[in-house]
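In what follows, chains carry the letters A, B, and so on, assigned in the order in which the sequence lines appear, proteins first and then strands, with residues in each chain numbered from 1.
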Number of protein chains: 2
Amino acid sequence: MKLGQATIKDIAKALNVSASTVSRALKDYPGISNETKKKVKELAEHLNYRPNAVALSLRKSKSNTIGVIIPEVVHFFFSTVISGIEEVAFANGYNVVLCQTNEKFARELSSIETMLDNQIDGLLISYSKETEDFNHFQKLIDLNFPIVFFDRVPEIPNTVNVIVNDFQGAYDATKHLIDQGYKNFAHLAGPKNLTISKKRMEGYKEALEDHKIDINPEWMFHCPEGSKEESIRIIKTLYQKGGELPDAIFASNDIAAAGAMVALKDLGYQIPAQVGVVGFSNWQFCSMIDPPLSTIAQPGFKMGEIATSLLLTCIAEKDTSNKEGKTVILDTELLIRQSSQK
Amino acid sequence: MKLGQATIKDIAKALNVSASTVSRALKDYPGISNETKKKVKELAEHLNYRPNAVALSLRKSKSNTIGVIIPEVVHFFFSTVISGIEEVAFANGYNVVLCQTNEKFARELSSIETMLDNQIDGLLISYSKETEDFNHFQKLIDLNFPIVFFDRVPEIPNTVNVIVNDFQGAYDATKHLIDQGYKNFAHLAGPKNLTISKKRMEGYKEALEDHKIDINPEWMFHCPEGSKEESIRIIKTLYQKGGELPDAIFASNDIAAAGAMVALKDLGYQIPAQVGVVGFSNWQFCSMIDPPLSTIAQPGFKMGEIATSLLLTCIAEKDTSNKEGKTVILDTELLIRQSSQK
DNA sequence: ATCGTCACCGCAAACGATTGCAATAAATAT
DNA sequence: ATATTTATTGCAATCGTTTGCGGTGACGAT
């Protein structure tokens, strides 16, 4: 009745056959006469019959739906990943149910629960900044439930992950600043518990070490918020102290970099003449701000595509108890714009 | 077995009662002894029983899932709307399944089909640029299927819509440029078949008329792509022709405005001294570019929230044959930045 | 006339949960 | 001791679809 959607039973009744016959006829099973098949198919066509996906899910314990859990939708990089996910999912007949956690651990837990209740076939997840305990993931992994982590991946064994080469990206960015002749380096780092923050910091440090440049631990700042205001605050405080000051800033995200630039310009510094800045992610605004911000481009769309492909493979191979982990590392790209060209 | 999820039957078997008793005990139906209730609840708790949402959907013809169809995820405004949708849906125990159409009509059709197959309880939609025929919507409306349009709404009767006051926003933007003393106006309009494009153009025109300023039809350009490159092309072509030229540009979206600014700066024009520019939407980059772009802020998050609330009401009232349409119009806000202050 | 072999189709169980109705036993009333 | 109520539970159908197995009738073979 609702939506006027015809069911197999309706067809069966109208044709005076059984539901099983209709089902088989529609799928060209052997053992159904051509005449019956023809009648069934014609009526199905005429009634615009479409199988009820919910009934199928129940029957087959397969929903053709994947869950995506993401910290924030309003985030250039993540929205790009979602886009990639959407494309591959759609192309393979999968639906995507989406939850944003708003960086809340509790929300992450409850979203996963609901999704499992809804019998998703697999899960794509980038966990929240608050997440420090990975038991909820471990349980799923132990049950051999298909799950792929992207961008923010937990440090537990045998997981399937897709990340970018944060270390190399940070290394490239820092080396670029070094090559430009900057001498004193500061780093605006990401939230402490995220691996990406650590990796970027490591890349930053290693580039400095490789070029015999001192690392000043007082010039490394964690930015838990990742907001423009936060980095404006940090940079202003730093530069207003006077004394020796950094002439190069590598920020682990573009927003922080943009904030740093605002603060520096406010304080009368010339970018890139006096201070060089490089960000991370290549948000849309990077090419539009003044000066245009050099940054490390992350292939978000590709990440979404690959993560989804991997997940679909996991789903397909669920039974084959292939429990080994796998990590795909995507290359980043240094985009040199004005903010870092001395 | 899969996921180790216990079912009602498992509990029933373990306790040597019937499934119906378990079901009733769990929901505190009358007619079940306290002792039985206690045993059932304890075991359910212990087994971490969670009802299978798919089975419930099938039984109750209600999935607690809403579908969202959106042209693009990687779009500041739309991602903001999604965020609002997510929040309200989550707060009310609804799941969100998402499809992006990439502005393709065919994809819009097929996404709606799949969602209906999956028994979504309602649909939130902002249709694609290619969509010119609204039959697929009309069918759903005729069937009294809960559907709410946002931002891009079709011109058919008795629909429930949430839009921003595009007319007023455009009027405000244009009037602001007039007030600043600009004299010759150009408009970068959106895709022709979108109502928002029309409304914004009307607002633009009316502001000019109200102030006795001539409307030059040759200075109104439709931007089907809405890309930076497109508007760079258009503006460069225009300004390289020479002769009388506009000294004020109102663009119906920020990307086009940003493109116009790039083109103008390339050609050596001073913004805002020689040419004023105002955009539409308040993308994140507006406050970061040079000069900061004046624009019309759209309450995307609020739009998502309201659209979802309306949809949930429609779902709740589905049976009461309340077929009348409704359109919520949200106010925009003129954000005056440097790009338009002569 | 009996048997085997097909071609074709329906029954019923299953997926997990809900719910109207009937059934049983115990308790109370007469 | 019988009738009636009450408390507690189970049966079976239902949602829409799939699928193993069994059943029917026609046909040719012996």
- Message: Please confirm whether the shortest side-chain N or O distance from Ser23(A) to OP1 or OP2 of dT19(D) is below 4.0 Å.
- Response: no
- Message: Is the ring pair Tyr127(B)/Phe134(B) parallel, tilted or perpendicular, if the boundaries are 30 and 60 degrees?
- Response: tilted
- Could you check which of dG16(D), dA17(C), dC9(C) has an atom nearest any side-chain atom of Thr7(A)? dG16(D)
- Message: Check the phosphate of dT9(D) against Ser33(B), side-chain N and O only, distance under 4.0 Å to OP1 or OP2. Yes or no?
- Response: yes
- Message: Taking donor-acceptor contacts at under 3.5 Å, does the side chain of Ser20(B) reach the base of dC11(D)?
- Response: yes
- Round to a whole Å and report the spacing from NZ of Lys13(B) to C1' of dC15(C). 13 Å
- Task: May I ask you to verify if any side-chain N or O of Thr21(B) is less than 4.0 angstrom from the OP1 or OP2 atom of dG10(D)?
- Result: yes
- Salt bridge flag under 4.0 Å for residues Arg107(B) and Glu87(A): yes
- Task: Go through dC15(D), dC9(C), dT19(D) for me and flag the one nearest to the Lys9(A) side chain.
- Result: dC15(D)
- Query: Would you say the side chain of Arg59(B) and the base of dG16(D) hold a donor-acceptor pair, judged only by whether the two atoms sit under 3.5 Å apart?
  - Reply: no
- Task: Answer yes or no: does a side-chain N or O of Thr36(A) lie under 4.0 Å from OP1 or OP2 of dC9(C)?
- Result: yes
- Of the nucleotides dG16(C), dT17(D), dG10(C), which one has an atom closest to the side chain of Tyr49(A)? dT17(D)
- Message: Using a strict threshold of under 4.0 Å (side-chain N to carboxylate O), is an ion pair present between Glu42(A) and Lys38(A)?
- Response: yes
- dC15(D) C1' sits how many Å from Leu58(B) CG, rounded? 4 Å
- Within this structure, what is the CG-to-C1' distance between Leu56(B) and dG16(D), rounded to whole angstrom? 15 Å
- Taking only the side-chain heavy atoms of Val17(A) (C-beta and beyond), determine which of dG16(C), dT18(C), dG10(C) contains the nearest atom. dG10(C)
- Task: Kindly say if Lys62(B) contacts the phosphate of dC15(D), meaning a side-chain N or O under 4.0 Å from OP1 or OP2.
- Result: no
- Message: Checking contacts here: which listed nucleotide (dT17(D), dT18(C), dG16(C)) is nearest the side-chain heavy atoms of Asn52(A)?
- Response: dT17(D)
- Task: Take Ala55(B) and Ala19(B), find for each the nucleotide of DNA chain D with the closest heavy atom, and name the residue whose nucleotide sits nearer the 5' end.
- Result: Ala19(B)
- Message: With a cut-off of less than 4.0 Å, is there a side-chain N or O of Lys37(B) near OP1 or OP2 of dT8(D)?
- Response: no
- Hey, is NZ on Lys13(A) packed in by over 12 heavy atoms from elsewhere, all under 6.0 Å? no
- Query: Judged by atom type as modelled, is there a donor-acceptor pair below 3.5 Å linking the side chain of Asn64(A) to the main-chain atoms of Asn95(A)?
  - Reply: no
- Classify the side chain of Arg24(B) and the base of dG10(D) as holding, or not holding, a donor-acceptor pair under 3.5 Å. yes
- Message: Quick check on dT18(C): is either OP1 or OP2 less than 4.0 Å from any side-chain nitrogen or oxygen of Lys27(B)?
- Response: yes
